[in-house]
Amino acid sequence: MLQKQPFEPTFDDKFATIVHDLCTQGFSIYDHFLSPLIIHNLAHEARSLHENGAFRHARIGHGRSLQLRPEVRNDQILWLDTENPSAIQVPYFQDLETLRHAINRNLFMGLFEFEGHFAIYPPGARYQMHYDRFVGTMERLVTTILYLNDHWQECDGGALSIHAGNTQTDLRLPMDILPIAGRLVTFISGDFPHEVQPASRDRISLTGWFRARP
Ligand code: OGA
Ligand code: MN
C-alpha cells in the first residue's frame, strides 16, 4: 500500500473526502457523487445502447490473452470513448479529471489517463474474485465504479464484495457494498481482491481505471 501522505484539502469536498479516504485506507465509498438527474440519464443511456446491441460479452485478461470465460465473468460491457464523450457523460468525465488531479497531487501517483466502460450484469450474472491490476503490469492504478441502479435493496443481491489482500488496511474486511444509484467506489486497484455477487435484476455501472503511462 502507498505511504500515507500529509493531506491538503485543496479541492471541493467530494474530491477531498475521496482523496482522504484513499490516503488513509486505500478505499473510498462516496454516495450522491453526482445529481440524481445525471445518474438517471447515464442509466438511461446505458440501457438504450444495450437494447440497440452495442454491448459485448466481457472478457478477462488483457492484450493478446483476452478470453471469454463466462464461468468467471458474464457481464456485458461497452467501452466508452473518453475523447468523444456523449453530452450525458461529460459531467462525470469532468469530475474524474478533477479527481485524477486531486489524487496525483496528494498521493503522488502519476495517474495519466482514464479508461472505462458501462457494464450490465443480467440477473444471475457475476464476476468471480479477481484483482484489477494485471499481473506484471502497473497500468491500472486506481479503480472507480459508479453505480446507476435506482431503488436497489439488499434483497436484490449484486453486492460488490471486497476481500482482504496482502496490504495492511484499517478497513474491516470482507465488506459487501450495494450498487446503489449515485454511489462511487474508488480503490487502489492492486490492493483489494473483489467479486460481484449475482443479482435478481439488471445491475448497471460505469466502471473504469486511472492508468499510469504505458
Ligand atoms: C470490474 C469489477 C465491480 C462492480 O469490472 O473489474 O470488479 O461492482 N466491477 O461492478
Ligand atoms: Mn474488478
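All values reported here derive from a predicted model rather than from experimental measurement. Numbering of ligands and ligand atoms starts at 1, following listing order.
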When hydrophobic residues are tied together by side-chain contacts of less than 4.5 Å, even through go-betweens, does Ile39 share a cluster with Leu178? no
If the threshold is 4.0 Å, N to carboxylate O, is there a salt bridge linking Lys14 and Asp95?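 Yes, Lys14 and Asp95 are salt-bridged.
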Ionic contact status for Arg201 with Asp156, cut-off 4.0 Å: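 A salt bridge links Asp156 with Arg201.
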Tyr30 and Phe33 aromatic ring geometry - parallel, tilted or perpendicular at 30°/60° bounds: perpendicular
Under 4.5 Å side-chain linkage, directly or through intermediates, the cluster mates of Trp79: Ile77, Trp209
When the aromatic ring centroids of His130 and His194 are compared, is their separation below 6.0 Å? yes
Going by side-chain hydrogen bond (donor to acceptor under 3.5 Å, both in side chains), name the residues that satisfy it together with Asn104, two or more places apart in sequence or in a different chain.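 Checked Asn104 against side-chain hydrogen bond (donor to acceptor under 3.5 Å, both in side chains); zero matches.
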Check whether more than 12 heavy atoms from other residues, nucleotides or ligands sit under 6.0 Å from atom NE2 of His40, and answer yes or no. no
Is any protein N, O or S atom closer than 2.8 Å to the Mn ion (ligand 2), and if so, which? His130 NE2, Asp132 OD1, His194 NE2
With the side chain counted from C-beta on, respond yes when Ser161 and Gln197 share a heavy-atom pair under 4.5 Å apart, and no when they do not. yes
Between the protein and ligand 1, are there any N or O atom pairs that come within less than 3.5 Å of each other, and if so, what are their names and distances?
unit_1	atom_1	unit_2	atom_2	d
ligand 1	6 (O)	His130	NE2	3.2
ligand 1	6 (O)	Asp132	OD1	3.2
ligand 1	7 (O)	His130	NE2	3.1
ligand 1	7 (O)	His194	NE2	2.9
ligand 1	8 (O)	Tyr147	OH	2.5
ligand 1	8 (O)	Arg203	NH1	3.4
ligand 1	8 (O)	Arg203	NH2	2.8
ligand 1	10 (O)	Arg203	NH1	2.9

